[in-house]
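One structure is given below, encoded as structure tokens.
Note that the coordinates shown come from a computational prediction; the quantities given were computed from them, not determined experimentally. Throughout, protein chains are lettered first and strands after them, A, B, ... in sequence-line order, and every chain is numbered starting at 1.
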Amino acid sequence: MKTSRFHLATLKETPVDAEIVSHQLMLRAGLIRRLASGIYTWMPLGLRTLRKVEKIVREEMDRAGALEVLMPSIQPAELWQETGRWDQFGPELLRLKDRHQRDFCIGPTHEEVIADIFRREIKSYKQLPITFYQIQTKFRDEIRPRFGIMRAREFIMKDAYSFHVGQESLQQTYDVMYQAYSKIFDRLGLAYRSVTADSGAIGGNSSHEFHVLADSGEDAIAFSNQSQYAANVEMAEAVPGDKTRAKPGAAMKTIDTPGKHTIEEVAKTPGIDIDKCLKTLIAEADDGGLVALVLCGHHELNPLKAEKLEGVASPFKLAERDNINAQLRIDIGSIGPVGLEIKIYVDRSAALVSDFVCGANADGQHYINANWGRDCDEPEVVDIRNVEEGDPSPDGKGRLKILRGIEVGHIFQLGDKYSESMQATVLDENGKEAVTKMGCYGIGITRIVAAAIEQNNDASGIYWPDSLAPFQLVICPINYHKSERVKKAAEDLYQDCLKRGIEVLLDDRPLRPGVMFSDMELIGVSHRIVLSERGLSAKQFEYKGRRDQSASNYELTELPSFLDGLFKRTCKSA
RNA sequence: CGGGGUGUAGCGCAGCCUGGUAGCGCAACUGCUUUGGGAGCAGUGGGUCGGGAGUUCGAAUCUCUCCACCCCGACCA
């Protein structure tokens with residue numbers, strides 16, 4: 001491709017409303033353009049990379065034995081009513097009516113459609129297991145789309161669905177998919193982690209998320225520095241650093257802490273150690289009452305864990321201040337477990353603190369030297385906090401480190417949730433009707449592009465992994481339009497590269513070198529060859545890899561073997 | 001949804017407070033010069049100032065209204 005015939009839509013200035021670096025660079029490099037909030041056009045350059053992601057995903061899905069289909073993006077309401085999700089889904093589901101006033105939605109996912117196809121097509125256990133997949137545009141009407149492609153409303157997803165008789169078969173395919181996903185992210189050339197994840201309300205035994213590691217990632221991942229353990233922070237079991245609780249010391253005492261409500265404020269009181277401070281959070285109970293949750297002052301509550309406790313309202317909700325005032329007759333900021341007459345759950349770590357500091361259930365007063373089992377009941381110990389860096393790994397090996405990641409893949413076992421409500425059944429070997437088990441496997445195709453940039457960028461722009469670069473090589477001729485000799489050399493090299501099957505870009509624009517170079521670095525072309533009068537006279541060409549600090553000169557006679565070396569894996573045989 | 005903010009040329013912005021009919025940089029176009037890291041000079045084109053209504057002799061500017069977009073939203077007990 002010659003740049004004069006391509007639409008290189010680079011921008012010098014960063015659009016002001018692009019918040020994260022991948023969004024900025026995608027706009028500046030001309031990969032995408034915004035059409036409406038959370039809705040983007042893929043420009044020619046961006047589409048080249050997007051197609052590469054698709055190709056790798058498609059190849060690995062095919063290799064894993066999945067069958068590609070393409071389902072409609074517009075889906076009839078009846079299917080969603082069958083599973084009850086028409087009502088459950090809320091405003092995230094974009095609904096519309098056709099001219100006959102029939103209800104439809106734009107598919108945010110395709111469980112219903114695939115289950116419908118399945119029940120029409122598959123009748124016998126002999127046809128199982130079977131896995132269908134598609135690469136399709138989805139729409140989720142996010143409350144707040146942001147970060148460009150990263151959290152867009154319209155996006156492209158690869159979604160696959162497997163059907164089975166029996167858990168064992170499901171587990172087998174799940175494992176195959178896990179391997180396929182690992183292969184995909186290996187081939188994409190991204191630093192990633194697979195982590196055990198929350199399988200959510202759907203249930204099922206196994207669930208893994210695949211995260212591309214990047215500091216700007218929205219999810220925190222905890223993993224062991226000594227073992228393979230890795231989990232979403234929300235899911236990771238919090239194990240206390242201490243093993244046992246020290247014996248109580250001095251008697252409990254009330255101190256005045258006027259105006260001090262937060263742990264930070266209380267800890268400033270002379271003689272108080274922040275590690276001894278416990279905080280008492282009040283959550284709504286499922287019967288309209290309140291539940292107390294006690295944690296160490298510096299720990300963070302994990303609402304997902306808390307809402308699973310008996311008596312705690314689900315979804316989890318901290319109680320409103322007015323509600324607390326009304327039911328407990330105490331104001332927030334001075335609540336503590338001593339003498340508190342509601343259900344109290346205590347985090348594992350908090351339960352191991354002796355001589356602790358806590359609210360005295362009277363405004364402006366705290367207790368010091370309070371102790372479980374002495375000044376109040378022995379605690380009901382639960383795991384309700386987020387893990388922190390340095391916590392022991394739950395598998396007993398090593399300590400946890402925390403990294404940030406961008407979720408780009410998620411596999412889980414649906415079990416019979418959809419197959420049952422939609423009667424996706426087959427006849428088993430006894431001629432009896434059997435409800436199938438389903439697996440579901442998603443990859444965010446468009447998000448991968450953004451995540452790849454988020455992970456691979458520098459001051460000049462994007463540096464793609466080889467597998468994703470929109471072009472492999474750019475030829476930058478200096479004075480292409482003035483020097484016949486440079487022009488001929490560039491054209492010859494260009495033709496040679498095309499013959500070799502290299503995805504090559506010839507920058508034949510009448511631009512100063514600096515402009516060419518910075519454009520090519522911005523869009524992330526992996527390799528650059530410069531041809532100039534000066535170089536040709538010395539029988540040399542110049543090469544610079546996108547991430548190299550500086551360029552190097554090589555003899556022109558070595559050019560063919562140089563190209564062989566650079567592209568030996570990707571070239572078609574000449 | 002709640003809170004905050006912004007809409008002026010393709011992009012980034014000034015002008016608004018204090019009303020007088022729109023400007024700067026980049027980009028684009030033409031010509032000349034320049035040609036190894038986002039060039040210089042000269043010239044040109046491009047705006048119903050987000051939409052509508054109102055106040056006024058006169059509105060980008062003041063008022064009302066609608067729309068679009070952006071940012072933040074348990075972490076406090």
(request) May I have the step-by-step check of ring-ring contact (aromatic ring centres under 6.0 Å, His included) for Phe562(A) and Phe541(A), ending in yes or no? (result) CA-CA 11 Å; Phe562(A) 190 86; Phe541(A) 68 93; 5.3 Å; yes

(request) Using only side-chain N and O atoms of Ser37(A), determine if any of them is under 4.0 Å from OP1 or OP2 of A68(B). (result) no

(request) Using the C1' atom on both, measure G3(B) against G20(B) and round to a whole Å. (result) 38 Å

(request) Taking atom P in both G15(B) and U6(B), compute the distance separating them and give it to the nearest angstrom. (result) 12 Å

(request) Quote, to the nearest angstrom, the P distance that separates G7(B) from C13(B). (result) 9 Å

(request) Provide the distance between the two C1' atoms, one in C62(B) and one in C24(B), to the nearest whole Å. (result) 26 Å

(request) Please report, rounded to the nearest Å, how far the C1' atom of G37(B) is from the CZ atom of Arg512(A). (result) 9 Å

(message) Looking at C57(B), which nucleotide sits across from it as a Watson-Crick or G-U wobble partner, both distances under 3.5 angstrom, or is there none?
(response) G20(B)

(message) Can you identify which nucleotide, out of G38(B), A77(B), A39(B), has its nearest atom closest to the Ile335(A) side chain?
(response) A77(B)

(request) Using the P atom as the reference point in each nucleotide, state the distance between C17(B) and G31(B) in Å, no decimals. (result) 44 Å

(message) Please evaluate residues Arg528(A) and Glu521(A) with respect to the criterion salt bridge (Lys or Arg N to Asp or Glu O under 4.0 Å), reporting the C-alpha separation (whole Å), side-chain torsions for both, the decisive distance (0.1 Å), and the verdict.
(response) CA-CA 9 Å; Arg528(A) 181 182 87 194; Glu521(A) 283 162 8; 3.4 Å; yes

(request) Decide yes or no, distance alone: a donor-acceptor N/O pair under 3.5 angstrom between the base of G10(B) and the side-chain of Glu13(A). (result) no

(request) Write down the partner of G38(B) under the Watson-Crick or G-U wobble criteria, each distance required to be under 3.5 Å. (result) none

(request) Consider the side chain of Val16(A), meaning its heavy atoms from C-beta on, and name the nucleotide among G37(B), C13(B), C71(B) that approaches it most closely. (result) C13(B)

(message) Does anything in residues 278-302 of chain A come within less than 4.0 Å of RNA chain B? Heavy atoms only, and list the residues if so.
(response) Lys279(A), Thr280(A), Leu281(A), Glu300(A), Leu301(A)

(request) Check every strand shown and say whether Arg34(A) touches a base, only sugar-phosphate, or nothing at a heavy-atom separation below 4.0 Å. (result) sugar-phosphate

(request) Could you please name the option among G36(B), G12(B), G38(B) that lies closest to any side-chain atom of Ile478(A)? (result) G36(B)

(message) On the nucleotide C11(B), are OP1 or OP2 found under 4.0 Å from the side-chain N or O atoms that Lys12(A) carries?
(response) no

(request) Could you please name the partner base of G7(B), counting Watson-Crick and G-U wobble pairs only when both distances are under 3.5 Å? (result) C67(B)

(request) Tell me which residues in residues 516-527 of chain A put a heavy atom below 4.0 Å from RNA chain B, sorted by number, or none. (result) Phe517(A), Ser518(A), Asp519(A), Glu521(A)

(request) Could you give the distance separating U55(B) and C64(B) at their P atoms, to the nearest angstrom? (result) 15 Å

(request) Can you tell me, in whole Å, how much space there is between the P of A28(B) and that of C70(B)? (result) 28 Å

(message) Counting only Watson-Crick pairs (N1-N3 plus N6-O4 or O6-N4) and G-U wobbles (N1-O2, O6-N3), all under 3.5 Å, who is the partner of G73(B)?
(response) C1(B)

(message) Categorize Ala551(A) for me: base, sugar-phosphate, or nothing, with a 4.0 angstrom heavy-atom threshold over every strand shown.
(response) nothing

(request) Hunt down the Watson-Crick or G-U wobble partner of C29(B), both distances under 3.5 Å, from any strand shown, or write none. (result) G43(B)

(request) Pick the P atom in U34(B) and in C71(B), then give their distance to the nearest Å. (result) 47 Å

(request) Name all residues meeting the salt bridge (Lys or Arg N to Asp or Glu O under 4.0 Å) criterion together with Glu407(A); count only those two or more places apart in sequence or in a different chain, and write none if there are none. (result) none

(request) Would you indicate what Ile143(A) reaches in the nucleic acid, counting non-hydrogen atoms under 4.0 angstrom: base, sugar-phosphate, or nothing? (result) base

(request) Tell me yes or no: between the side chains of Ser526(A) and Gln472(A), is some donor less than 3.5 Å from an acceptor? (result) no

